[in-house]
Amino acid sequence: MNSLEMLGMQLLILGENKLVSETLVELLAEQSSLALAYLALPACASCWLNEQKEELRQTHIFIINTDNAYEKGVECLKTLRGAYPEAPIFVVDQHESPSLIALCAAAGANAYFSLSGSLNKLEQAISSCLINGQ
């Protein structure tokens, strides 16, 4: 068992596009021994958060794949940021719209990564969070 497994770290991917989210899970699973999970973006982020509080205690990193559900993704981001002010929250999307990036940053995202590029930077950001104990 390595140090990440001993810490019980978990990464949760919330996404509207199941194929993209499952692909992210597969790619990240190859790079780390984190417990990975995927859920669809909730229709009501605050309701979902209240229902999932116990399960989310073990989640240390959140990734939101907004795809074309920008409003739901940003609402979820705001809700997660309010509930977990210290948790790393990354947004991954197919688009590199400056206005969407700014909107996500204002809502509390730690970083925004485009699927059109390499996911190495996302992997590095996750590794950095784990090394720093977040």
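Atom SG of Cys104 is separated from atom NZ of Lys78 by 10.0 Å, given to the nearest 0.5 angstrom. Taken to the nearest 0.5 Å, the OG atom of Ser114 stands 11.5 Å off from the CG atom of Leu122. In this structure, the separation between CG on Asn120 and CZ on Phe113 is 11.0 Å, given to the nearest 0.5 Å. Between the NZ atom in Lys121 and the CD1 atom in Ile126 there is a gap of 14.5 Å [rounded to 0.5 Å]. Here Phe62 contributes atom CZ and Ile13 contributes atom CD1; the two are 12.0 Å apart, rounded to the nearest 0.5 Å. Here the OG1-CG distance, from Thr59 to Leu12, works out to 5.0 Å after rounding to the nearest 0.5 Å.
Across all their heavy atoms, Ala45 and Thr79 have their closest contact at CB-OG1, 3.4 Å. Closest heavy-atom contact between Arg81 and Glu86: NH1-N, 4.1 Å. Listed here is the closest heavy atom pair of Asp93 and Asn65: CA-OD1, 4.2 Å. Across Leu77 and Ala107, no two heavy atoms sit closer than the pair CD2-CB, 3.6 Å. Residue Leu19 comes nearest to Thr23 through the heavy atom pair O-OG1, 2.8 Å, listed as atom of the first residue, atom of the second, then distance. The two atoms that bring Lys72 and Pro42 nearest to each other are CD-O, 3.6 Å, heavy atoms only.
Asn110 places no side-chain N or O within donor-acceptor distance of the main-chain N or O of Phe90, the cut-off being under 3.5 Å.
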Tyr112/Leu103 under side-chain contact (heavy atoms from CB on, under 4.5 Å): CA gap, chis, key distance, verdict
CA-CA 10 Å; Tyr112 184 100; Leu103 184 63; over 6 Å; no
Dump the intermediate steps for side-chain contact (heavy atoms from CB on, under 4.5 Å) on Leu24 and Leu115, then the final yes or no.
CA-CA 10 Å; Leu24 280 171; Leu115 289 172; 4.3 Å; yes
List the steps, then state whether side-chain contact (heavy atoms from CB on, under 4.5 Å) holds for Tyr84 with Ile89.
CA-CA 9 Å; Tyr84 303 96; Ile89 303 175; 5.6 Å; no
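Between Val91 and Leu100 there is no side-chain heavy-atom pair separated by less than 4.5 Å.
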